[in-house]
Amino acid sequence: MSQTEAPSGKFAATDPFALVRDWLAEATASEINDPNAIALATVSPEGLPNVRMVLLKDIEDDAFVFYTNYESAKAGEILATGKAAFVMHWKSLRRQVRVRGLVEKEDGPAADAYYASRSLASRLGAWASKQSRPLKSRGALMAEVAKVTALKGPNPPRPPHWGGFRIRPVEIEFWADGAHRLHDRFRWTRADPSATEWEVARLNP
Ligand SMILES: Cc1cc2nc3c(=O)[nH]c(=O)nc-3n(C[C@H](O)[C@H](O)[C@H](O)COP(=O)(O)O)c2cc1C
Ligand SMILES: Cc1ncc(COP(=O)(O)O)c(C=O)c1O
């Protein structure tokens with residue numbers, strides 16, 4: 001049981017995923033681009049953190065999904081540790097959402113459907129790019145694109161090295177800017193990603 005007051009106003013919710021969806025919908029109306037951009041943090045097996053932007057493509061009832069190359073640096077770190085965190089920051093709203101959790105691959109029908117929804121050029125690009133590995137030249141990449149275009153045709157299947165990751169959170173924090181740096185923060189936590197009960201606490205700014 002939390003020792004702090006319950007969330008109200010823009011923080012009011014019974015389900016944190018619904019609240020992220022609501023805040024993202026507001027940001028979609030006010031951000032200049034990519035309201036679904038997240039800074040995704042991973043950690044190497046030696047404990048060295050790493051962070052980069054990706055696009056959040058789905059907010060499910062109990063998880064967050066993004067898509068990438070399974071042979072990339074981020075994928076290597078996720079597959080080694082099973083963990084990730086991300087932050088979304090909306091300058092127009094002066095709000096952020098922070099998420100920490102366990103990660104699993106989404107390489108089934110949802111990944112196939114998402115891949116199929118992308119432009120043909122992006123689908124072929126996913127075949128051509130050996131993401132995160134050294135590239136001799138821009139020309140070598142374009143030659144690879146031409147090669148896979150000829151090879152895969154107009155309806156390429158999803159590459160086995162490309163798909164989704166599903167982040168199943170144990171912690172979601174909602175933050176909104178306050179006057180004089182006296183911000184509002186509410187942190188939702190649960191014991192593990194299969195738990196349905198969340199504890200909510202107001203935090204000091
Ligand atoms: C706004 C933005 C969105 C991006 N979205 C993705 C994405 O959804 N998936 C992806 O693989 N890379 C995305 N990238 C590129 C990544 O930031 C990164 O360069 C790439 O995934 C390689 O990261 P890694 O070497 O740490 O694996 C995005 C970059 C930016 C700036
Ligand atoms: C390399 C890469 N893969 C995937 C994505 C995800 O976006 P989309 O599926 O809309 O191309 C991005 C977005 O910037 C990207 O840069």
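Along the sequence shown, residues are numbered consecutively beginning with 1. Note that ligands are numbered from 1 as they come in the structure, with each ligand's atoms numbered from 1 the same way.
Considering Arg118, Met53, Arg123, Lys57 only, the shortest heavy-atom separation from atom 4 (C) of ligand 2 involves Arg118. Among Met53, Arg52, Lys57, the residue whose heavy atom lies closest to atom 29 (C) of ligand 1 is Met53. Closest to atom 13 (C) of ligand 2 by heavy atom, among Val54, Asn36, Leu55, is Leu55.
Counting only N and O atoms by type, the side chains of Gln131 and Ser129 include no donor and acceptor under 3.5 Å apart.
Considering only non-hydrogen protein atoms, atom 22 (C) of ligand 1 sits nearest to Lys74 NZ, 3.5 Å. Of all protein heavy atoms, the one lying nearest to atom 8 (O) of ligand 1 is Leu55 N, 3.0 Å. Looking only at protein heavy atoms, the nearest one to atom 12 (N) of ligand 1 is Gln131 NE2, 3.8 Å.
Counting atoms of ligand 2 from 1 in the listed order, those under 4.0 Å from a heavy atom of Tyr114 are 8 (P), 9 (O), 10 (O). Heavy-atom proximity to Tyr67, at under 4.0 Å, picks out these atoms of ligand 1: 7 (C), 8 (O), 9 (N), 10 (C), 11 (O). Shown in contact with Val54 at under 4.0 Å from a heavy atom are these atoms of ligand 1, numbered in order with element: 4 (C), 5 (N), 6 (C), 7 (C), 8 (O), 9 (N). For ligand 1, the atoms lying closer than 4.0 Å to a non-hydrogen atom of Thr68 are 10 (C), 11 (O). Each of the atoms 1 (C) of ligand 2 lies under 4.0 Å from some heavy atom of Gln131. Using a 4.0 Å cut-off to heavy atoms of Ser132, the atoms of ligand 1 that qualify are 22 (C), 24 (P), 25 (O), 27 (O).
Looking at Arg52 and Leu40, their side chains come closer than 4.5 Å, going by heavy atoms from C-beta outward. Side-chain atoms of Asn155 and Arg123, non-hydrogen and from C-beta on, do get closer than 4.5 Å to each other. Asn69 is listed as a side-chain neighbour of His161, based on a closest heavy-atom distance under 4.5 Å. Side-chain contact between Lys10 and Leu93 is absent, with no heavy-atom pair separated by less than 4.5 Å. A 4.5 Å side-chain heavy-atom check between Arg158 and Arg118 finds every atom pair outside the cut-off. Side-chain contact between Trp162 and Trp127: absent, with no pair of heavy atoms (C-beta onward) separated by less than 4.5 Å.
The protein reaches atom 9 (O) of ligand 2 closely, with a heavy atom under 4.0 angstrom from it. Remark: atom 19 (O) of ligand 1 lies closer than 4.0 Å to no protein heavy atom.
For Asp34, no nitrogen or oxygen atom sits less than 3.5 Å from a nitrogen or oxygen atom of ligand 1, counting backbone and side chain alike. Considering backbone and side-chain N/O of Trp162, none are found under 3.5 Å from N/O of ligand 2. Ligand 1 has no nitrogen or oxygen under 3.5 angstrom from a nitrogen or oxygen of Ala37.
Residue contacts with ligand 2 leave out Phe66, since none of its heavy atoms falls under 4.0 Å from the ligand. Taking a 4.0 Å cut-off on heavy atoms, Asn50 fails to register as neighbouring ligand 1.
The CZ atom of Arg100 sits 12.5 Å away from atom CD1 of Ile167, with the distance rounded to the nearest 0.5 Å. One finds the NE2 atom of His89 at 8.0 Å from the CZ atom of Arg94 (value rounded to the nearest 0.5 Å).
Exactly one residue among Trp175, Trp23, Phe11 makes a ring pair (Phe, Tyr, Trp, His ring centres under 6.0 Å) with Phe186. That residue is Phe11. For the ring pair (Phe, Tyr, Trp, His ring centres under 6.0 Å) with Phe165, the qualifying choice from Tyr70, Tyr114, Tyr67 is Tyr70, the only one to do so.
Between the Arg166 side chain and the Ala63 main chain, no donor and acceptor come within less than 3.5 Å of each other.
Heavy atoms of Phe66 found under 4.0 angstrom from ligand 1: none, in either backbone or side chain.
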